[in-house]
Visitor: 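Here you go, one structure.
Protein chains get the first letters and strands the later ones, always in sequence-line order, with residue 1 at the start of each.
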Protein chains: 2
Amino acid sequence: MDQVAEAAGVSRATVSRVINGAPSVDSKIREMVQRAIADTGYVPNVAARSLVTRRSNSVALVISEPDRPDNHSFLNRIFTDPYFGRITAGATSALRPHDIHLVVIPTDSTDHHQVVRYLRQGHVDGVLLISSHEQDTLPRQVHDLGIPAVVSARPTSPIAVSYVDVDQRLGARLAAEHLLNRGCRALATISGPLDIPSGLDRLDGFRSFLAGRGFPTVPSVEGDFTRAGGEAAARRLLTDFPDIDGLFVANDLMAEGALRLFQDLGRRVPDDIAVVGFDDSSAALDCRPLLTTVRQPVEEMAAEMAEVLMAHIATPGRLPRSVTFQPSLVIRDSA
Amino acid sequence: MDQVAEAAGVSRATVSRVINGAPSVDSKIREMVQRAIADTGYVPNVAARSLVTRRSNSVALVISEPDRPDNHSFLNRIFTDPYFGRITAGATSALRPHDIHLVVIPTDSTDHHQVVRYLRQGHVDGVLLISSHEQDTLPRQVHDLGIPAVVSARPTSPIAVSYVDVDQRLGARLAAEHLLNRGCRALATISGPLDIPSGLDRLDGFRSFLAGRGFPTVPSVEGDFTRAGGEAAARRLLTDFPDIDGLFVANDLMAEGALRLFQDLGRRVPDDIAVVGFDDSSAALDCRPLLTTVRQPVEEMAAEMAEVLMAHIATPGRLPRSVTFQPSLVIRDSA
DNA sequence: CGGTCGCCTGAGAGCGCTCTCAACGGCGCT
DNA sequence: AGCGCCGTTGAGAGCGCTCTCAGGCGACCG
């Protein structure tokens with residue numbers, strides 16, 4: 001930097017001003033400095049800058065999920081799940097124009113030690129926190145740290161934190177309505193894990209809407225949001241209720257598994273049994289028949305999380321706010 | 001830090017020594033300092049540390065792929081592809097014990113401006129570079145920057161850089177041998193993009209092995225490593241060569257697409273046509289029938305990349321080295 | 001008992017940047 | 001013509017840490 005200053009015949013302060021685009025620099029001088037920068041091949045040292053600005057220009061994407069005994073499969077599941085992929089994609093694209101980079105940190109939702117230490121050390125300016133499990137204490141811990149954060153779903157305990165969510169119950173209702181409109185009368189559902197709010201809300205939304213339409217009891221089986229889990233759940237469901245003609249599955253991956261089973265069993269979809277998924281992830285297009293599903297704009301939601309986070313970082317005292325997206329029904333071939 | 005020093009009755013230098021685990025500290029003093037750290041809730045400032053150590057304790061995972069016109073789908077494809085997911089998982093798990101974090105940076109392989117600037121600024125200590133396209137200049141640019149790097153495949157131009165790869169030709173040969181052993185005699189292949197070495201090597205390995213076994217010409221269609229691409233390629237192949245009974249597909253995703261087509265067409269797998277994939281990704285288990293495939297230990301390869309990178313970072317002058325993994329055949333139901 | 005060696009510790013100089021504050025010069029006003 | 005103000009620049013003080021180097025003290029040896 002001293003070199004640049006000397007080459008341009010100005011002080012370090014002025015070089016700094018040019019680099020940071022301060023308006024109060026004479027245009028001739030600005031030009032000279034820029035030429036000097038180009039000539040010397042000068043590149044600012046980010047550590048030194050961070051030290052004084054207290055900004056790192058990066059944010060963490062923390063994915064907090066219950067660990068499996070075997071850590072290997074845990075990471076594999078996380079990074080292979082299209083849901084998290086879409087989140088990463090959405091966040092990346094929103095952050096890019098701000099020149100902010102993303103540090104991806106998967107963590108066991110029962111042991112936040114490492115992550116908390118990382119965050120406290122000031123590596124990042126803020127956190128995008130993907131945490132869905134009810135008993136997960138990370139949202140609260142992050143909140144207590146006082147570091148800017150946005151959570152991916154309405155926190156279960158009332159924390160003053162910004163979050164972005166989709167109207168889960170409305171989504172379930174859209175599915176129920178569609179199945180009803182098709183003429184299905186023996187409805188059932190494969191729910192998500194019931195210890196996570198989105199799992200619960202989709203189940204409850206589905207049931208309570210149907211209750212209002214004269215279906216007081218609707219069979220359900222709990223799934224785990226994986227393809228294999230969906231297949232197993234569908235099998236159980238069919239054993240107990242062989243006559244169902246309409247099925248709402250709480251995410252696309254499980255729906256894909258269910259479709260596979262129906263195919264193996266020779267049940268025609270949607271003629272024998274209509275299936276509606278949830279997410280509208282790429283999995284919905286990998287099914288046969290193509291999956292009718294409730295669209296959740298995950299990329300846009302992640303981008304919104306990023307924008308809200310940027311706002312929090314820019315104006316520290318800012319009050320938390322929540323943004324709720326509307327789901328929509330995407331009708332394809334399975335229902 | 002001054003607070004801690006005062007509380008423990010020592011100098012800042014000693015506090016620093018304790019934090020960094022220097023051996024030459026009296027155990028009583030060490031204890032006092034640790035207590036002081038706990039009491040004051042002191043957390044080191046990473047920016048200040050980076051400024052003097054010139055280490056950031058993070059590395060970049062740069063994924064360089066040709067962009068699509070629409071950037072949105074580009075990011076989506078990257079982060080939804082299980083291959084990249086496995087890489088991320090493998091790298092993360094290898095880096096975690098070193099307390100190194102991963103900054104994920106997708107980039108258009110034709111415009112490296114942003115990435116290069118990022119790397120030059122010293123944000124990261126090294127780069128894991130996922131780049132497969134032949135004409136991609138990023139490996140060379142990174143090499144010229146002089147920053148520690150490991151590439152995911154043998155670079156096409158001879159650059160003195162470390163890389164990790166799998167024996168592509170051997171993998172293709174395993175597939176060919178297996179199809180032959182099953183009794184298939186009308187063989188064909190869906191290749192990967194032919195402007196990327198792995199695509200070329202798998203095709204060439206397949207063909208040249210078969211040539212040696214009395215099959216001088218083997219039909220092939222070029223695919224794009226996506227499910228939809230695989231389905232389209234299979235359709236084209238079947239149009240021109242309706243009688244093939246053994247098919248090698250250059251990755252699992254395309255194989256899944258092909259299987260889907262065969263199912264729609266009523267071709268039985270493996271009885272009418274045997275199919276062997278490549279990768280052994282999660283997609284292989286999402287197919288019906290379960291996919292026989294050439295296993296590429298992607299997670300282990302990514303972990304090895306990380307280890308090699310750590311070594312380069314630790315000892316700057318270290319000579320580049322390459323590690324080649326052996327593929328293996330995983331026999332399931334499709335062949 | 002004195003000298004010397006070696007182990008620990010403390011003092012202090014940076015690392016490379018930003019940012020405040022003061023100085024300077026030119027301009028417009030009275 | 002003098003005064004004051006604004007716009008622009010430079011000087012210099014940190015930001016919080018590491019690390020070298022010198023000094024002190026105890027131990028061991030002669």
Side-chain angles (χ1 to χ4, degrees), chain A residues 1-37 40-58 99 117-125 147 313-314 316, chain B residues 1-37 40-58 99 117-125 147 313-314 316:
Chain A
M1 189 163 180
D2 276 316
Q3 278 183 38
V4 175
E6 196 180 350
V10 297
S11 70
R12 278 192 352 266
T14 301
V15 175
S16 175
R17 275 188 269 263
V18 170
I19 289 169
N20 296 301
S24 70
V25 177
D26 186 277
S27 60
K28 286 168 224 152
I29 293 195
R30 178 190 309 278
E31 235 170 79
M32 293 198 52
V33 171
Q34 271 157 351
R35 188 157 37 243
I37 289 175
T40 55
Y42 165 76
V43 179
N45 177 310
V46 288
R49 179 181 294 173
S50 289
L51 180 57
V52 36
T53 59
R54 340 220 101 221
R55 282 287 166 72
S56 66
N57 288 322
S58 59
D99 221 357
R117 191 165 54 88
Y118 182 81
L119 297 178
R120 290 188 60 192
Q121 290 190 126
H123 278 104
V124 293
D125 299 332
I147 143 169
I313 292 172
Chain B
M1 190 163 181
D2 276 316
Q3 276 182 40
V4 176
E6 196 178 353
V10 297
S11 70
R12 280 190 354 263
T14 301
V15 175
S16 175
R17 277 189 268 263
V18 170
I19 289 170
N20 295 301
S24 70
V25 177
D26 187 277
S27 61
K28 286 168 221 150
I29 292 195
R30 177 191 310 278
E31 235 171 79
M32 294 197 52
V33 171
Q34 270 158 353
R35 188 157 40 242
I37 289 175
T40 55
Y42 165 76
V43 178
N45 177 311
V46 288
R49 178 180 296 174
S50 290
L51 180 56
V52 37
T53 60
R54 337 216 109 227
R55 280 288 164 73
S56 66
N57 287 322
S58 58
D99 221 358
R117 191 164 55 88
Y118 183 80
L119 298 178
R120 290 189 61 190
Q121 289 190 125
H123 278 103
V124 293
D125 299 332
I147 141 170
I313 292 171

Visitor: 5' to 3' on DNA chain D, which nucleotides open and close the contacts with chain A (atom under 4.0 Å from a heavy atom)?
Guide: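 Footprint of chain A along DNA chain D, 5' to 3': D:dT8 to D:dG16.
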Visitor: Grab the two heavy atoms, one from B:Gln121 and one from A:Val46, that are nearest each other, plus how far apart they are.
Guide: O-CG2, 3.2 Å
Visitor: What's the spacing between B:Thr53 OG1 and B:Asp125 CG if we round to 0.5 Å?
Guide: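 The CG atom of B:Asp125 is 8.0 Å from OG1 of B:Thr53, to the nearest 0.5 Å.
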Visitor: So what does A:Val10 touch, heavy atoms closer than 4.0 Å: a base, only the sugar-phosphate, or nothing?
Guide: sugar-phosphate
Visitor: With DNA chain C as reference, determine whether A:Thr53 or B:Gly9 sits nearer its 5' end, using the nearest nucleotide of each.
Guide: B:Gly9
Visitor: Between A:Ile29 and A:Val18, is there a side-chain heavy-atom distance shorter than 4.5 Å?
Guide: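 With C-beta onward as the side chain, the pair stays apart.
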Visitor: Who are the salt bridge (Lys or Arg N to Asp or Glu O under 4.0 Å) partners of A:Arg117, not counting sequence neighbours?
Guide: B:Asp99
Visitor: Using 0.5 Å steps for rounding, measure from the OG1 atom of A:Thr14 to the CE atom of A:Met32.
Guide: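 Rounded to the nearest 0.5 Å, the OG1-CE separation comes out at 11.0 Å.
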Visitor: Using the C1' atoms of five pairs at each end, what's the angle between the two axes of the helix from C:dC1-D:dG30 to C:dT30-D:dA1, to 10 degrees?
Guide: 50°
Visitor: To the nearest 0.5 Å, what is the distance between CG on B:Asn45 and NE2 on A:His123?
Guide: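 If I round to the nearest 0.5 Å, the distance is 9.5 Å.
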Visitor: If you assign each of B:Ile29 and B:Ala48 to its closest nucleotide in DNA chain C, which residue comes earlier from the 5' end?
Guide: B:Ile29
Visitor: Quick one: label B:Val25 by what it contacts on the DNA or RNA (base, sugar-phosphate, nothing), any heavy atom closer than 4.0 Å.
Guide: sugar-phosphate
Visitor: Please report the distance, rounded to the nearest Å, between CZ in B:Arg17 and C1' in C:dC8.
Guide: 7 Å
